[in-house]
Amino acid sequence: MHRKSDFDDNRQRFEAQLKRDIVNLLLAHLSDFHSYGTVKVYYDGGQQIVTDALRGGIEYALSKDAIVYRDASPRDYRLEQVADFLCTLELTCEKFRNGEQTETDNKFFGDWKSFRVNYLKPIRRKRLES
């Protein structure tokens with residue numbers, strides 16, 4: 001997770017850090033990815049900087065011949081809906097830790113303890129670590 005403001009509006013630095021993080025994650029799990037004949041990447045193209053970092057990082061770490069890119073719409077792909085929810089949980093975690101949670105966060109997730117016990121801990125048991 002990164003804050004754009006930490007990069008002083010320097011798009012190149014921000015994209016380079018995103019790409020580096022993607023490469024590190026992929027290389028840490030390279031044997032898992034190599035066990036598949038094809039790696040399909042679904043992204044809705046929502047942010048150009050993320051699109052560029054994903055493509056650059058994935059093409060650096062994995063064989064270009066084994067990658068298939070697909071446009072994705074949350075309406076059409078449940079997996080993208082799940083990924084979006086996971087990102088929302090991580091962002092909400094940061095907001096709670098920094099005292100920046102919104103009224104909507106509190107209504108939906110409850111307080112920090114409820115959020116941590118009911119949402120964050122169960123889902124983090126399943127995440128890939130870099």
**OP:** Please determine if Glu15 and Arg11 form a salt bridge, counting it only when a charged side-chain N lies under 4.0 Å from a carboxylate O.
**Re:** yes
**OP:** Tell me, with the steps shown, if Arg20 and Asn24 meet side-chain contact (heavy atoms from CB on, under 4.5 Å).
**Re:** CA-CA 6 Å; Arg20 196 170 21 259; Asn24 288 338; 4.1 Å; yes
Subject >> From CD1 (Ile58) to CG (Leu25), nearest 0.5 Å >> reply: 10.0 Å
**OP:** Please check if Leu89 and Val82 belong to a single hydrophobic cluster, counting links between Ile, Leu, Val, Met, Phe, Trp and Tyr side chain heavy atoms closer than 4.5 Å.
**Re:** yes
Subject >> Within-4.5 Å side-chain heavy-atom neighbours: Cys93 and Trp112 >> reply: yes
Subject >> Rounded distance (nearest 0.5 Å) linking atom CD1 of Ile22 with atom CD of Gln17 >> reply: 10.5 Å
Original post:
Hey, are the side chains of Phe14 and Asp6 touching, using non-hydrogen atoms and a 4.5 Å cut-off?
Top reply: no
Subject >> Between OG1 on residue Thr102 and CG on residue Asn106, distance to nearest 0.5 Å >> reply: 7.0 Å
**OP:** Treating Ile, Leu, Val, Met, Phe, Trp and Tyr as nodes and any side-chain heavy-atom pair under 4.5 angstrom as an edge, say whether Phe85 and Phe96 lie in one connected cluster.
**Re:** yes
Original post:
Is the Phe7 ring parallel, tilted or perpendicular to the His2 ring (thresholds 30°, 60°)?
Top reply: perpendicular
Original post:
With a 4.5 Å limit on heavy-atom distance, are the side chains of Leu27 and Phe33 in contact?
Top reply: no
Original post:
Would a 4.5 Å heavy-atom cut-off, applied to side chains only, mark Leu26 and Leu30 as touching?
Top reply: no
Subject >> salt bridge (charged side-chain N to carboxylate O under 4.0 Å, His left out) partners of residues 87-101, not counting sequence neighbours, each pair once >> reply: Arg3-Glu100, Glu90-Arg124, Glu90-Arg127, Glu94-Arg97, Lys95-Asp105
**OP:** To the nearest 0.5 Å, tell me how far Arg13 CZ sits from Leu18 CG.
**Re:** 11.5 Å
Please tabulate, one pair per line, all N/O donor-acceptor pairs under 3.5 Å involving side-chain atoms of residues 113-123, not counting sequence neighbours.
residue, atom, partner, partner atom, Å
Ser114, OG, Asp111, OD1, 2.9
Asn118, ND2, Ser114, O, 3.1

**OP:** With sequence neighbours left out, write down each residue that passes salt bridge (charged side-chain N to carboxylate O under 4.0 Å, His left out) with Lys4, or none if nothing qualifies.
**Re:** none
Original post:
Is it true that atom CD of Gln48 has more than 12 heavy atoms of other residues, nucleotides or ligands lying nearer than 6.0 Å?
Top reply: yes
**OP:** State yes or no: do Leu62 and Val50 share one hydrophobic cluster built from I, L, V, M, F, W and Y residues joined by side-chain heavy-atom distances below 4.5 Å, directly or via other members?
**Re:** yes
